[in-house]
Number of protein chains: 2
Amino acid sequence: MRPAAEQAAQSLREEILSGAIASGTRLGEAELAGRLSVSRTPIREALSRLAAEGLVELQPNRGARVATWSTEQLREIFELRLRLEPYAVRQAVPHLSEEQLAELDRLAAEMMRAGKPGRAQDLTKIVELNRRFHGLFIDAAGSPPLAGALRGVTHAAVVHQNFHDYTPDALRRSLHHHVEMVAAARAGDGDWAEAIMRAHLHNARATMIGGRS
Amino acid sequence: MRPAAEQAAQSLREEILSGAIASGTRLGEAELAGRLSVSRTPIREALSRLAAEGLVELQPNRGARVATWSTEQLREIFELRLRLEPYAVRQAVPHLSEEQLAELDRLAAEMMRAGKPGRAQDLTKIVELNRRFHGLFIDAAGSPPLAGALRGVTHAAVVHQNFHDYTPDALRRSLHHHVEMVAAARAGDGDWAEAIMRAHLHNARATMIGGRS
DNA sequence: CTTGCGCCGATTGCATGCAATCTGTTTCTG
DNA sequence: CAGAAACAGATTGCATGCAATCGGCGCAAG
């Protein structure tokens with residue numbers, strides 16, 4: 001049997017990232033222990049790890065809540081991502097294996113399908129696919145310190161289920177960015193991929209916090 | 001009485017950052033519990049937090065060790081710092097209060113004294129002063145996400161007691177950088193301060209991992 | 001002499017119970 | 001009636017005890 005703490009952390013992580021638990025929700029230790037059928041000890045351990053990842057906020061003697069971000073913090077987060085993530089993509093491009101490129105293709109294509117306007121549109125699914133898309137690039141950059149610095153910062157958009165707030169135009173742009181980024185990666189053109197990632201983030205920022213504030 | 005876990009974390013943090021516990025040292029829970037006169041539970045909590053800060057590495061079922069960094073990781077760390085810390089300084093400059101400027105003055109001056117060649121030279125003291133110097137700029141930038149991203153990454157140089165490996169020339173340059181950075185900050189010139197920080201980091205990188213690898 | 005297997009001490013992971021702290025409500029006082 | 005103190009329920013923080021896992025040593029087989 002796998003360690004209980006890690007399993008609890010994984011469960012919570014998925015529930016938070018999938019939006020099943022909303023931002024700001026209080027996380028009582030006893031409640032979680034009952035729901036996941038483990039003692040409070042591994043729950044505390046799990047919450048501690050999630051706090052390290054920036055997914056939950058831990059206040060002394062006052063328990064844990066799913067992390068929240070002010071618009072000011074979102075602004076700062078995008079400033080950070082704009083400095084790090086395009087660089088990560090550039091570093092990743094020469095390291096990408098054929099399997100990873102295929103996976104990126106698959107993710108980008110599936111996002112296009114899930115995003116097509118109409119009855120079958122599934123924005124929640126896009127959030128998850130998008131998370132894996134960005135995560136794959138970050139991991140492929142092959143720099144643990146870089147991945148660590150980006151870890152806490154990429155979650156904000158996911159938890160806020162950002163795609164739900166996109167305008168149709170912004171959504172279409174975003175999905176096409178993914179496809180173009182894979183094309184750039186396949187061409188081995190780091191400059192190109194970096195530029196698209198930069199545009200991709202600007203597009204996201206504009207819809208999440210508005211321009212010209 | 002203050003929470004035991006935080007107190008244990010603080011103690012360990014200081015011991016690690018001061019170099020009292022060397023990089024790579026094994027940290028047994030029972031040993032620490034005895035030495036700090038608390039149970040193993042808060043020790044585990046403390047180790048968990050320090051792992052989140054990147055000061056210790058936590059391997060499942062195999063305990064904790066003080067973090068170590070390969071030269072490759074040091075290279076990646078400096079790449080990150082070069083992207084974030086000059087930006088942090090630039091953001092900090094307009095926010096600095098008179099008290100903070102005075103504190104920076106004091107730190108820079110004291111480092112100059114402690115670094116003066118001769119019998120009274122105290123490189124270990126410089127490491128600690130330097131840590132506070134950089135930390136003050138990072139905090140003054142007023143961006144929790146930025147501070148979080150830099151937190152884990154600035155510790156590597158401190159734990160390795162980097163100043164002990166500096167050549168006399170590199171040390172002199174480094175100390176003068178501090179003074180000049182405060183001058184730039186006092187002049188309210190973000191560009192200037194940013195440029196000096198960039199040079200400061202390049203100087204550090206050159207002595208820690210060598211140029212032209 | 002080297003290599004693989006199995007046992008034993010040591011260490012980490014987890015559950016449980018109790019003490020300390022916080023929150024919301026009530027009650028007392030000015 | 002307003003505000004502060006005090007009580008009660010609930011929740012977090014910590015200590016202790018036990019089960020699971022790991023690392024090292026010895027022993028036997030090749």
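Just so we're on the same page: letters track the sequence lines, and every chain starts at 1. What you see is a predicted model; the values in this text were computed from it and never measured. Reckoned from all heavy atoms, side chains included, excluding hydrogens, waters and symmetry mates.
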Chemist: Going 5' to 3' along nucleotides 11-16 of chain D, which nucleotides have protein heavy atoms under 4.0 Å from the base (write B), which only from the sugar-phosphate (write S), and which from neither (write -)?
Modeler: SBBSBB
Chemist: For residues 26-72 of chain B, pull every pair meeting ring pair (Phe, Tyr, Trp, His ring centres under 6.0 Å), keeping only residues two or more places apart or in separate chains.
Modeler: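 Output for this query lists B/Trp69-B/His160.
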Chemist: Quick one: ring pair (Phe, Tyr, Trp, His ring centres under 6.0 Å) partners of B/Phe78, sequence neighbours excluded?
Modeler: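 So B/Phe78 forms no ring pair (Phe, Tyr, Trp, His ring centres under 6.0 Å) with any residue.
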Chemist: In chain order, what residues pass the salt bridge (charged side-chain N to carboxylate O under 4.0 Å, His left out) check against B/Glu14, with sequence neighbours excluded?
Modeler: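 With neighbours one apart ignored, the set is empty.
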Chemist: Residues two or more places apart in sequence or in another chain: which of them pass ring pair (Phe, Tyr, Trp, His ring centres under 6.0 Å) with B/His155?
Modeler: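 With neighbours one apart ignored, the set is empty.
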Chemist: Given atom CG of B/Leu58 and atom C1' of D/dT21, what is their separation to the nearest angstrom?
Modeler: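 Atom-to-atom, B/Leu58 to D/dT21, this comes out as 15 Å.
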Chemist: For A/His95, check side-chain hydrogen bond (donor to acceptor under 3.5 Å, both in side chains) against everything at least two apart and list the hits.
Modeler: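 So A/His95 forms no side-chain hydrogen bond (donor to acceptor under 3.5 Å, both in side chains) with any residue.
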